[in-house]
Chemist: 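Before we start, here is the structure in question, set down as structure tokens.
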Amino acid sequence: MPKSIRRCPLCNGCHSKLSFPFVISFEGEQYYYYRCSVCGTVFINPLPSDAAFSHMYANSNYHEVFYQDPSTCAYDGSAEILSRFAQSGALVLDFGCGTGTFLDSLRRYGFRGVGVEFSCEVASEASRRSGCHVYQVHEFFYHSQPPKFDIIYLGDVLEHLRDPEETLAKLLTHLKRGGLLMVEGPLENNHSPVYWAAFIFGSVKRFLLPKFIGPGVPTHLFRTSAKAQKAFFRRVCPRPQFLLWDVYETGWPYSDRTLVKRGISFLSKVIGGRGIGDITFGNRFRAIISINKY
Ligand SMILES: [Zn+2]
């Protein structure tokens, strides 16, 4: 067990306890999951080292595994939604652009795109594919003077950041006054039959095999709910105005599994996006936020 537990990356709360999915092992290191007692976000502890990060995000380990089938990625859909809120020709920063698929979609919808990517190899691939300029992360923040952007986009990126608050604050200094922040990502700790089933299965397994540590890759550094994610944006963004806040369900990762899991996935999709009180069912969110800096 780790000696010290870091603060919650979303609300900065300092009290937490071990929670589902408990612990995984990656390259000989064990990563534990703690649940924040303030906002309910579950976060990984300790953070992966620089070496682990480099290995996880090498093209052959990540992008070639998860993002090579364009049919599984709703990039054009995201660009179309953005086009309802922004004018053609707007300059868009795609932070964490991967191999450049969304940059390609942006171009088709009349936007001008610029990318930032962690891996040098992946940044080169993104630039080649999209024809857009793509910075490496350290180059963007420390070695260049990038332009101010009309829109900053983060698609499935926040949960990969060691310090999402710090990175978002730095990124927003590159946004024009009155610019838009568009963010999409998973809600792996939100109300959904898929999540409830996974939580129950995982908790029973933990009870029966308390010392079992399965393999895993610590790419997602936190798992949160719609409520905690929205509260994070309200806390970190200057005078945020939500032009779009959409919670929806994909049934992942149960949609192509056994009959029982497919049934749970179907039920999740049926109730996804609906709500009771301040709860909205779903496993993903999409936000477009107008940032009104002083
Ligand atoms: Zn928290």
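Just so you know, these numbers use all the heavy atoms, side chains as well, and skip hydrogens, waters and symmetry mates. Indexing begins at 1, ligand by ligand and atom by atom, following the structure's order.
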Chemist: Indicate yes or no for a side-chain donor-acceptor contact from Arg206 to the backbone of Val23 under 3.5 Å, with no hydrogens or angles considered.
Modeler: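 Checked: no pair found.
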Chemist: Around Leu209, counting heavy atoms of other residues, nucleotides and ligands shown, do more than 12 lie under 6.0 Å from its CG?
Modeler: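 Yes, the 6.0 Å shell around CG holds more than 12 heavy atoms from other groups.
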Chemist: Which of the protein's N, O or S atoms come within less than 2.8 Å of the Zn ion (ligand 1), not counting waters?
Modeler: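 Correct list: Cys8 SG, Cys11 SG, Cys36 SG, Cys39 SG.
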Chemist: Near Arg108 CZ, under 6.0 Å, is it more than 12 heavy atoms from other residues, nucleotides or ligands?
Modeler: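 Counting neighbours around CZ of Arg108, more than 12 heavy atoms of other residues, nucleotides or ligands fall under 6.0 Å, so yes.
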Chemist: Can you confirm whether Lys227 is buried at NZ, in the sense that more than 12 heavy atoms of other residues, nucleotides or ligands lie under 6.0 Å from that atom?
Modeler: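 At most 12 heavy atoms, drawn from other residues, nucleotides or ligands, come within 6.0 Å of this atom.
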Chemist: Can you list every side chain to side chain donor-acceptor pair (under 3.5 Å) pair that touches residues 7-19, not counting sequence neighbours?
Modeler: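 Of all non-adjacent pairs touching residues 7-19, none passes side chain to side chain donor-acceptor pair (under 3.5 Å).
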Chemist: How long is the gap from CZ on Phe102 to CZ on Arg107, to the nearest 0.5 Å?
Modeler: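 It is 13.0 Å, given to the nearest 0.5 Å.
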